[in-house]
Q: 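Have a look at this one.
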Amino acid sequence: MNVLLEIKDLRLDFLHEAKAVEVLRGVNLKVHEGEILGLVGESGSGKTLTALSVTKLLPKSARITAGEILYDGRDLLRSEEDDLRKVRGAKISYVFQDPATSLNPVFTIGEQLIENIELHQKTKKEESFDIAAAALKDVGMPSPKDIMFAYPHQLSGGMKQRAMIAMAISCRPGLLIADEPTTALDVTIQAQILDLLVRLKEELRLTVILITHDLSIVAQVAEKTAVMQEGRVVEYGDTAIIYRKPSHPYTQRLIDCIPKMSGHRI
């Protein structure tokens, strides 16, 4: 498979009280077309900052000091802001951790989907409506045309997450970055969202980066796994191999923390 996204020696720091504190310390990572990559590690390991660096959606105090981020061979770090706007949402989309805070409570689901579509595509209102409703259908939303007129508070947590995924895929991006997409959901809905990501990967030929602290989630859906610790990727490879025989002590500790059934490690 071709490499769709490659991160080379990415370094990032935060300015704190006139001092630079380095938090990404030379991240190296490859994401191949059509795969799900699990990006795992504890809170503060640098997972989300690595993902946000891809399209420079970073806090104001963050500063990228070195490295390359190549998307389809093009270095995004050296792209102008106008060019990055064309990439965000259209070629690379994000699903953030808490859909309740990502969705605007005063607009309907349809209005928010249509706004996103019209931002990236030259479509008329009727066409935008149809594209939005089709995206809701793609993510398994019941009665998608009715949901178009619903407000976020009228949806369950799982339906909100499906709406966010629909927004992310509505412009048919090549890469979907899902940051802890199942954290706020119960176990049954978590499984449904993970199944949805796998199905969308196959049906839409998506490439997915799944960010999570939960290694058991990665084991279910990801072909490749990258383990981050203290701003570096400390282990990368086939998920099955990493789980069977982790090479880094940190990965071993994470695996040992996974709840076990009947005394057996997953």
Side-chain angles (χ1 to χ4, degrees), residues 4-16 20-31 35-71 76-77 84 87-89 91-103 157 160-161 164-165 167-169 173-185 190 193-194 197 206-219 221-222 224-236 239 250-251 254 257:
L4 180 65
L5 179 74
E6 184 172 9
I7 299 174
K8 297 182 178 181
D9 194 32
L10 178 65
R11 296 177 180 273
L12 178 147
D13 60 29
F14 276 98
L15 294 175
H16 179 67
V21 180
E22 191 173 50
V23 291
L24 295 183
R25 302 178 172 91
V27 175
N28 291 285
L29 191 61
K30 289 183 180 180
V31 187
E35 73 177 8
I36 296 180
L37 170 76
L39 188 58
V40 299
E42 296 171 300
S43 296
S45 62
K47 309 182 301 295
T48 295
L49 281 173
T50 297
L52 293 175
S53 297
V54 171
T55 52
K56 298 169 79 172
L57 288 171
L58 291 162
K60 289 184 179 179
S61 57
R63 180 183 62 172
I64 293 172
T65 58
E68 294 177 293
I69 298 179
L70 305 175
Y71 179 78
L76 297 178
L77 294 185
L84 283 175
V87 171
R88 298 179 189 128
K91 296 184 178 180
I92 301 174
S93 286
Y94 290 83
V95 176
F96 294 102
Q97 184 169 353
D98 186 358
T101 59
S102 299
L103 291 167
K160 287 189 182 80
Q161 193 61 284
M164 288 302 303
I165 295 171
M167 193 177 300
I169 67 167
L175 175 64
L176 176 68
I177 300 174
D179 191 352
E180 301 275 9
T182 63
T183 296
L185 306 175
Q190 281 185 19
I193 295 299
L194 292 175
L197 289 175
L206 270 177
T207 302
V208 180
I209 298 176
L210 175 61
I211 300 171
T212 179
H213 64 279
D214 190 339
L215 278 156
S216 63
I217 286 176
V218 171
V221 299
K224 295 283 180 62
T225 295
V227 181
M228 289 196 69
Q229 180 189 30
E230 297 179 351
R232 294 186 180 92
V233 175
V234 296
E235 188 155 2
Y236 167 82
T239 300
Y250 177 70
T251 310
L254 289 179
C257 289

Q: Tell me, please, which residues at least two apart from Thr225 pass side-chain hydrogen bond (donor to acceptor under 3.5 Å, both in side chains).
A: Thr239
Q: Could you tell me which residues satisfy side-chain hydrogen bond (donor to acceptor under 3.5 Å, both in side chains) with Glu180, sequence neighbours excluded, listed by chain and number?
A: Thr183, His213
Q: Who passes side-chain hydrogen bond (donor to acceptor under 3.5 Å, both in side chains) against Glu230, sequence neighbours left out?
A: none
Q: Going by side chain to side chain contact (heavy atoms under 4.5 Å, CB included), Ile209 matches just one of Ile92, Thr50, Val31. Which one?
A: Val31
Q: Do the side chain of Gln190 and the main chain of Leu185 share a donor and acceptor less than 3.5 angstrom apart?
A: yes
Q: Can you give each donor-acceptor pair under 3.5 Å made by side-chain atoms of residues 52-60, sequence neighbours left out, with the distance rounded to 0.1 Å?
A:
| residue | atom | partner | partner atom | Å |
| --- | --- | --- | --- | --- |
| Ser53 | OG | Leu49 | O | 2.7 |
| Thr55 | OG1 | Tyr94 | OH | 2.9 |
| Lys56 | NZ | Leu77 | O | 3.4 |

Q: Do the side chain of Lys47 and the main chain of Gly41 share a donor and acceptor less than 3.5 angstrom apart?
A: yes
Q: With respect to Leu12, which candidate in Val23, Val27, Val21 satisfies the side chain to side chain contact (heavy atoms under 4.5 Å, CB included) definition?
A: Val23
Q: I need the Leu176 CG to Leu206 CG distance, nearest 0.5 Å.
A: 6.0 Å
Q: Compare all side-chain heavy atoms of Tyr236 with those of Val227 and state whether any distance is below 4.5 angstrom.
A: no
Q: Side chains of Leu103 and Met167, heavy atoms from C-beta outward: is any pair under 4.5 Å?
A: yes
Q: Using side-chain hydrogen bond (donor to acceptor under 3.5 Å, both in side chains) as the criterion, list what pairs up with Glu235, not counting sequence neighbours.
A: Ser247, Thr251
Q: Out of curiosity, Lys30 NZ to Ile7 CD1, how far, rounded to the nearest 0.5 Å?
A: 12.5 Å
Q: Does Leu37 reach the side chain of Leu29, with side-chain heavy atoms less than 4.5 Å apart?
A: yes
Q: Answer yes or no: is there a side-chain heavy-atom contact under 4.5 Å between Asp179 and Val95?
A: no
Q: Do any side-chain atoms of residues 61-69 form donor-acceptor pairs under 3.5 angstrom with protein atoms, and if so which ones, sequence neighbours left out?
A:
| residue | atom | partner | partner atom | Å |
| --- | --- | --- | --- | --- |
| Arg63 | NE | Asp13 | OD1 | 3.2 |
| Arg63 | NH2 | Asp13 | OD2 | 2.9 |
| Thr65 | OG1 | Arg11 | O | 3.4 |

Q: With heavy-atom distances below 4.5 Å as the criterion, would you say the side chains of Ile169 and Ser93 are in contact?
A: no
